[in-house]
Enquirer: 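Submitted below is the structure of interest, expressed as structure tokens.
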Amino acid sequence: MTVSTAEIEEAAGVLRAGGLVAFPTETVYGLGANAEDAAAVARVFAAKGRPASHPLIVHIGAAAQLADWVDDVPATARLLAARFWPGPLTLVLRRGRRVSLAATGGLETVAVRVPDHPVALGLLAAFGGGVAAPSANRFGSVSPTIADHVRSELGDAVDMVLDGGACQVGVESTIVDATSDSPSVLRPGGVTREDIEALLGGTVAVPETSQVRVPGQHPSHYAPRARVVLVDPQKVVAEAEAARELGHRVGALLPSRLSPSATGAVAGLHAVVAVPDSMAAYARGLYGFLREFDRRGCDLVVASLPVETGLGLAVANRLRRAAGPRPAA
Ligand code: AMP
Ligand code: MG
């Protein structure tokens with residue numbers, strides 16, 4: 001679980017040679033390639049089964065390097081970077097020449113962040129360049145929060161996996177379009193809207209569907225194999241019971257503070273996870289819970305949305321995407 005300096009050096013060598021390295025960040029595990037190497041970036045898309053038009057996030061080692069990777073840094077972007085980096089905030093800015101168009105899915109904007117994890121920062125320092133990395137999972141599925149998730153999902157498609165233990169935030173970064181001085185949130189994540197608004201001193205828009213291509217905003221993303229249905233918190237138990245009676249293998253994500261009698265009523269279900277009281281713990285555990293339902297063979301998961309403030313906005317966003325319409329098989 002602890003990553004040695006020798007392993008980090010080896011991983012930097014893999015990146016230099018055009019290979020793929022999965023590495024821990026504070027949000028989820030990333031699948032990294034040299035952001036300046038179009039062929040290496042193409043391997044990331046192939047390993048994930050991700051359409052080439054869907055852009056990756058370029059990870060850099062320090063805010064001071066930002067100007068090397070983007071064309072223009074508006075004052076607001078500078079403020080956001082100074083306040084939240086290293087951390088779970090991604091800034092979308094105008095693409096600098098160094099970034100391969102393969103990494104931006106052909107867009108003239110690029111998503112950049114400085115991750116807050118010693119292994120990720122060690123790798124970035126040893127490598128020296130930018131690392132284009134989406135989450136290290138197959139396209140559309142649940143992001144990995146431990147190294148084993150990466151190994152079991154991507155197998156030999158990744159050249160090296162750095163095992164830094166469990167990710168502390170557990171949901172992806174907040175993506176902010178910072179190309180202008182009136183930024184908007186493209187994807188809620190580890191930095192809360194409230195924290196961004198407190199810094200900027202105004203309200204920040206969170207468009208329901210963004211104009212920019214963000215695969216995380218498509219229906220059915222961050223989804224387990226089991227179908228996810230969302231109901232009112234007080235109806236989770238009854239809905240789960242009803243589905244079980246219809247013959248489903250049902251998992252339930254029980255809202256916190258349900259009465260003990262309600263909790264007792266779900267004893268016959270296939271898998272039950274009680275949602276942690278703290279939203280930080282819920283975010284940290286969310287993808288592990290969804291994977292657990294798959295591991296237990298559930299075909300249906302009944303859940304409810306948390307209150308959408310703070311990290312609850314990101315958790316609710318991921319649950320909605322998990323419950324989104326599936327493409328026809
Ligand atoms: P993932 O780490 O799998 O969530 O993938 C990276 C995320 O960053 C995706 O949701 C991308 O759509 C988003 N992203 C990367 N570049 C851009 C960009 N130029 N504009 C908007 N979103 C972007
Ligand atoms: Mg992803």
Side-chain angles (χ1 to χ4, degrees), residues 25-28 54-58 70 73-85 87-94 104-105 107 109-116 134-135 140 142-143 169-223 228 230 232-233 255 275 278-280 282-284 286-287 290 303-325:
T25 77
E26 80 281 32
T27 59
V28 301
H54 292 206
L56 312 182
I57 293 171
V58 176
V70 304
V73 187
T76 301
R78 217 175 289 277
L79 261 179
L80 288 165
R83 167 70 178 81
F84 295 111
W85 284 356
L89 177 79
T90 295
L91 297 177
V92 171
L93 292 162
R94 288 159 57 91
T104 71
L107 295 177
T109 52
V110 60
V112 186
R113 90 172 181 107
V114 180
D116 186 15
S135 52
V142 173
S143 297
V169 176
V171 292
E172 298 80 353
S173 59
T174 303
I175 300 181
V176 170
D177 179 346
T179 49
S180 79
D181 276 321
S182 48
S184 60
V185 172
L186 301 178
R187 172 180 76 184
V191 166
T192 66
R193 171 193 198 159
E194 292 85 345
D195 281 346
I196 294 170
E197 290 178 341
L199 174 75
L200 301 181
T203 57
V204 172
V206 185
E208 195 31 56
T209 50
S210 80
Q211 298 305 306
V212 194
R213 278 174 288 171
V214 181
Q217 297 300 319
H218 289 184
S220 181
H221 207 83
Y222 315 109
V228 178
L230 298 175
D232 287 341
V275 167
S278 113
M279 194 51 71
Y282 192 3
R284 191 178 309 127
L286 177 65
Y287 291 140
L290 296 179
S304 62
L305 295 177
V307 177
E308 295 183 53
T309 55
L311 272 178
L313 187 65
V315 171
N317 170 271
R318 302 310 187 269
L319 284 170
R320 277 206 191 86
R321 303 301 158 189

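Residue numbers run from 1 in the order of the sequence given.
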Enquirer: Residues in salt bridge (Lys or Arg N to Asp or Glu O under 4.0 Å) with Arg284, at least two apart?
Expert: none
Enquirer: Can you tell me how far apart CE (Met279) and CG (Leu286) are? Round to the nearest 0.5 Å.
Expert: 10.0 Å
Enquirer: Give me the atom names and distance for the closest heavy-atom approach of Val28 to Ser135.
Expert: CG2-CB, 3.9 Å
Enquirer: Find the distance between CG (Leu290) and OH (Tyr222) and round it off to the nearest 0.5 Å.
Expert: 12.5 Å
Enquirer: Which pair of non-hydrogen atoms, one from Val171 and one from Gly190, has the smallest distance, and what is that distance?
Expert: CG2-N, 4.4 Å
Enquirer: Taking side chain to side chain contact (heavy atoms under 4.5 Å, CB included) as the test, write out the residues that go with Thr309, two or more places apart.
Expert: Glu194, Val307
Enquirer: To the nearest 0.5 Å, tell me how far Thr25 OG1 sits from Glu172 CD.
Expert: 9.0 Å
Enquirer: Can you name the salt bridge (Lys or Arg N to Asp or Glu O under 4.0 Å) partners of Asp181, sequence neighbours left out?
Expert: none
Enquirer: How would you list, by chain and number, every residue that makes a side-chain hydrogen bond (donor to acceptor under 3.5 Å, both in side chains) with Ser180, sequence neighbours excluded?
Expert: Ser182
Enquirer: Can you sort out the partners of Ala77 under side chain to side chain contact (heavy atoms under 4.5 Å, CB included), two or more places apart, ordered by chain and number?
Expert: Val73, Pro74, Leu91, Leu93, Ala178
Enquirer: List the atom of Pro188, the atom of Asn317, and the distance in Å for their closest heavy-atom pair.
Expert: CG-CB, 3.6 Å
Enquirer: Could you give the distance from CZ (Arg94) to OG1 (Thr104), rounded to the nearest 0.5 Å?
Expert: 13.0 Å
Enquirer: Decide yes or no for Phe84 and Arg113: does some side-chain heavy atom of the first lie under 4.5 Å from some side-chain heavy atom of the second?
Expert: no
Enquirer: Using the test side chain to side chain contact (heavy atoms under 4.5 Å, CB included), find all partners of Ser304 that sit at least two apart in sequence or belong to another chain.
Expert: Pro233, Val236, Pro255
Enquirer: Applying side-chain contact (heavy atoms from CB on, under 4.5 Å) between Ile196 and each of Val206, Thr174, Thr203, report the one that passes.
Expert: Thr174
Enquirer: Looking only at heavy atoms, which two atoms of Pro306 and Val315 are closest? And how far apart?
Expert: CG-CG1, 3.8 Å
Enquirer: If the condition is side-chain hydrogen bond (donor to acceptor under 3.5 Å, both in side chains), which residues does Arg83 pass it with, not counting sequence neighbours?
Expert: none
Enquirer: Mind checking side-chain hydrogen bond (donor to acceptor under 3.5 Å, both in side chains) for Thr192 and listing every partner two or more places apart, or none if nothing turns up?
Expert: Asp195
Enquirer: For Val275, which residues count as a side chain to side chain contact (heavy atoms under 4.5 Å, CB included) partner, sequence neighbours excluded?
Expert: Leu253, Tyr282
Enquirer: What's the shortest heavy-atom distance between Pro183 and Val176, and which atoms?
Expert: CB-CG1, 3.6 Å
Enquirer: Sequence neighbours left out, what passes side-chain hydrogen bond (donor to acceptor under 3.5 Å, both in side chains) with Thr90? Give chain and number order.
Expert: Ser173
Enquirer: Can you tell me if Arg321 uses its side chain to pair, donor with acceptor, with the backbone of Ala223 under 3.5 Å?
Expert: no
Enquirer: Rounded to the nearest 0.5 Å, what separates atom CG in Leu186 from atom CG in Asp177?
Expert: 5.0 Å
Enquirer: For Leu107 and Pro55, work out which heavy atoms get closest and say how close.
Expert: CD1-CG, 3.9 Å
Enquirer: Could you give the distance from CG (Leu89) to OG1 (Thr27), rounded to the nearest 0.5 Å?
Expert: 11.5 Å
Enquirer: Could you work out, with salt bridge (Lys or Arg N to Asp or Glu O under 4.0 Å) as the rule, every residue matching Arg320, not counting sequence neighbours?
Expert: Glu308
